[in-house]
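Data first, discussion second: the structure below is written as structure tokens.
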Amino acid sequence: MSVLHIVNKSPYERHSLDTCLRLAKPDSAILLIEDGIYAVQQNSATSSKMQQALSNHPVYALQPDLEARGVNPDNMIDGISLVDYDGFVKLTTEYDRLQSWL
Amino acid sequence: MSVLHIVNKSPYERHSLDTCLRLAKPDSAILLIEDGIYAVQQNSATSSKMQQALSNHPVYALQPDLEARGVNPDNMIDGISLVDYDGFVKLTTEYDRLQSWL
Amino acid sequence: MKFAILVNEGPYTHQASDSAYHFTEALLRAGHEIVRVFFYHDGVNNGTRLSVPPQDDRNISERWSALAQQHDVELILCVAAAQRRGLLDDDEAKRAGKDSNNIAEGFQISGLGQLIDAGIQADRLIAFGD
Amino acid sequence: MKFAILVNEGPYTHQASDSAYHFTEALLRAGHEIVRVFFYHDGVNNGTRLSVPPQDDRNISERWSALAQQHDVELILCVAAAQRRGLLDDDEAKRAGKDSNNIAEGFQISGLGQLIDAGIQADRLIAFGD
Amino acid sequence: MASKKFLYINRRPPHGSIYAHESLEVVLIGAAFEQDVTLAFIDDGVYQLMQNQDTGGVGLKNFAPTFRALGDYDVNQIYVEQESLELRGLSKDDLIPLTYEDEDDDWAEKDSIHVVSSAELADIIEQQDVILNF
Amino acid sequence: MASKKFLYINRRPPHGSIYAHESLEVVLIGAAFEQDVTLAFIDDGVYQLMQNQDTGGVGLKNFAPTFRALGDYDVNQIYVEQESLELRGLSKDDLIPLTYEDEDDDWAEKDSIHVVSSAELADIIEQQDVILNF
């Protein structure tokens with residue numbers, strides 16, 4: 001397996017997600033943590049970008065970070081999977097390399 | 001006089017400059033410091049935005065920060081004025097309120 | 001004119017403390033009065049006396065301490081922010097049962113009210129941060 | 001599997017240290033080996049023993065110390081980053097002529113080579129930061 | 001001492017960093033000084049007011065409920081930028097309802113949150129004496 | 001011990017924060033470990049390589065000249081993203097020239113900097129064992 005890209009920045013204040021999506025190869029995965037969580041919201045300025053990303057990459061979001069931010073899972077873009085910290089660890093074993101877009 | 005808006009973030013990584021320009025009233029001034037300096041470069045993705053800003057606001061850039069970053073003053077968008085730290089202080093006395101877009 | 005300065009980031013990591021220092025020096029050159037320099041968030045880390053920067057680099061904490069001494073400038077670390085981050089004076093250390101303190105000469109620990117008071121007293125409040 | 005963890009931000013200000021801690025706990029739950037937790041940039045501030053957070057809040061430094069003790073996890077602060085920011089152990093303090101030190105139990109100060117070595121030793125290196 | 005108009009501008013999301021939390025601490029302390037206080041939530045700052053924040057899983061302190069106390073501290077001029085909400089797919093319904101009791105109107109309960117346009121917010125910024133941005 | 005491929009991704013501008021400077025310190029230390037080292041400059045990271053940086057006025061340490069030493073440390077795979085340069089109105093001529101002497105080619109002086117497209121950079125990222133992002 002290839003790279004797990006980890007994005008922890010809000011897509012509205014930083015350009016980390018854009019750069020990640022520009023440089024992530026198809027089949028590499030994307031995990032949203034911390035303020036990166038805000039990219040999951042449907043009907044937002046980010047949603048078309050994320051929908052396109054989902055056609056090339058598995059996309060995950062860290063549930064404890066989602067809950068902390070009060071983002072309703074019902075308002076998540078379809079196709080994003082939630083993981084907890086144990087699932088986060090599992091992902092990091094399934095992908096060969098980890099790239100944190102700090 | 002009105003507000004001196006101070007922007008210290010790169011226009012390519014953060015949205016601070018956009019928010020500043022959206023919320024700054026005409027005749028308020030804009031001072032670029034630290035990584036905000038990169039907004040001065042002509043023929044860049046930021047230059048049309050800055051040219052428009054210049055029609056509504058006096059725009060200043062902090063020269064020591066410009067020099068630190070190796071930005072050539074010859075490549076600055078026309079109409080931006082350079083100030084040193086003494087000039088920065090002078091600006092803060094000429095405008096009634098200071099707003100740092102941190 | 002009376003100025004208050006707010007520093008929101010620690011030394012070295014962000015340019016904020018450097019910019020604030022150069023601005024404060026320029027204020028003094030121009031003869032302005034400095035009500036207070038208030039350190040908040042990671043800004044409290046400017047107040048350590050244990051910093052050992054490389055010899056060819058600036059010593060940010062000592063530079064602030066010297067400014068305080070030479071120009072009688074009040075340097076205040078927010079107590080709540082400082083406690084979280086491990087910046088303690090002798091009193092705070094004793095109260096918390098800690099075996100040592102680490103605050104530098106010229107810095108004082110006080111409440112957030114000093115920030116509001118600075119905003120009220122000063123003609124201009126300027127913030128430096130990330 | 002062997003993991004190395006890099007923490008680039010200090011306690012409380014950014015979530016990085018919290019995320020790294022919860023991730024490390026989950027690694028241990030899953031039975032993975034932890035080569036080293038390396039603290040760089042403001043991350044070195046996690047190693048203070050002088051932190052006094054509010055009583056209803058987590059104590060980030062103590063939590064790392066406890067993890068080191070219970071699971072024999074190596075916690076390394078980068079020496080150059082630590083010196084700049086005023087994090088010293090007893091040796092460093094004496095060498096620099098400082099009157100006290102402030103490092104917490106379980107943390108050690110060492111060189112940047114330990115980060116590279118961690119990258120070489122570990123099957124996975126993961127970074128948490130701003 | 002003359003009263004000054006203080007504006008706190010909140011542009012950062014909660015939890016990813018402590019700025020939002022420590023900013024609220026300033027507002028609460030500041031409320032004791034009897035100045036005229038206004039809060040503005042812009043950009044990612046609007047996320048600070050999201051309902052149903054549950055920080056149990058990340059082990060951070062949840063300070064969002066504290067916003068509800070602002071009315072009791074006479075902090076009831078709270079402006080949220082419409083453009084910032086829309087960009088994020090949010091509306092006022094997603095935000096914690098904040099209210100105060102209006103002593104000039106027989107203690108009627110009133111809404112503290114006002115969703116305003118960028119242009120209105122620009123006017124509000126111009127009316128202040130002291131602006132703090134976290 | 002088997003050699004690993006290390007990639008350092010630099011995305012932050014210099015001087016506004018210390019990340020770029022402390023990242024370079026990692027690269028220099030890492031060079032002693034005889035691993036395969038690649039550097040990538042993306043987004044604002046390209047500003048780290050700007051010519052004529054003069055930090056005298058801000059009193060910060062100017063670490064830019066240190067990049068010239070990388071060739072002597074066998075760090076000569078330096079990739080700069082074309083898209084990042086263009087967006088900023090920059091070209092390779094604005095960057096510090098970095099070179100190395102190729103021992104496999106009679107010590108001929110060669111260019112260390114390669115301006116590459118996003119697609120090429122994506123391939124380079126996929127070929128690494130350890131990725132460090134500052």
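What you see is a predicted model; the values in this text were computed from it and never measured. Heavy-atom basis, side chains included; hydrogens, waters and symmetry copies ignored. Residue numbers start from 1 in every chain, and the chains themselves are labelled A, B, ... in the order their sequence lines are given, proteins ahead of strands.
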Next item on the list: For the residue pair A:Y12 and E:Y47, categorise the inter-ring angle as parallel (less than 30°), tilted (30 to 60°) or perpendicular (more than 60°).
Entry: tilted
Note to self: What I want to find out is whether A:D35 reaches A:K9 closely enough, with some N-O distance under 4.0 Å, to be called a salt bridge.
What the structure shows: no
Can you say whether [X] sits under 4.5 Å from chain E via the side chain, the backbone, both, or neither, judging by heavy atoms?
{"X": "A:Y38", "result": "both"}
{"X": "A:N43", "result": "backbone"}
{"X": "A:Q41", "result": "side chain"}

Margin query: Measuring only between side-chain heavy atoms, which start at C-beta, is A:I30 closer than 4.5 Å to A:P58?
Written below: no
Residue [X] versus chain A: region with a heavy atom under 4.5 Å:
{"X": "E:D54", "answer": "both"}
{"X": "E:L60", "answer": "neither"}
{"X": "E:R11", "answer": "side chain"}

Check: When only pairs under 4.5 Å are counted, which of E:L87, E:L90, E:T55 shares the most heavy-atom pairs with chain A?
Finding: E:L87
Checklist line | Stepwise side chain to side chain donor-acceptor pair (under 3.5 Å) check, E:S118 with E:E83 | finding: CA-CA 7 Å; E:S118 305; E:E83 285 82 342; 3.0 Å; yes
Notebook entry, point to check: Mind checking whether E:H15 and E:F63 have ring centres under 6.0 Å apart?
Noted result: yes
Next item on the list: Would you mind telling me which of E:Q77, E:E126, E:Q128 makes a side chain to side chain contact (heavy atoms under 4.5 Å, CB included) with E:L7?
Entry: E:Q128
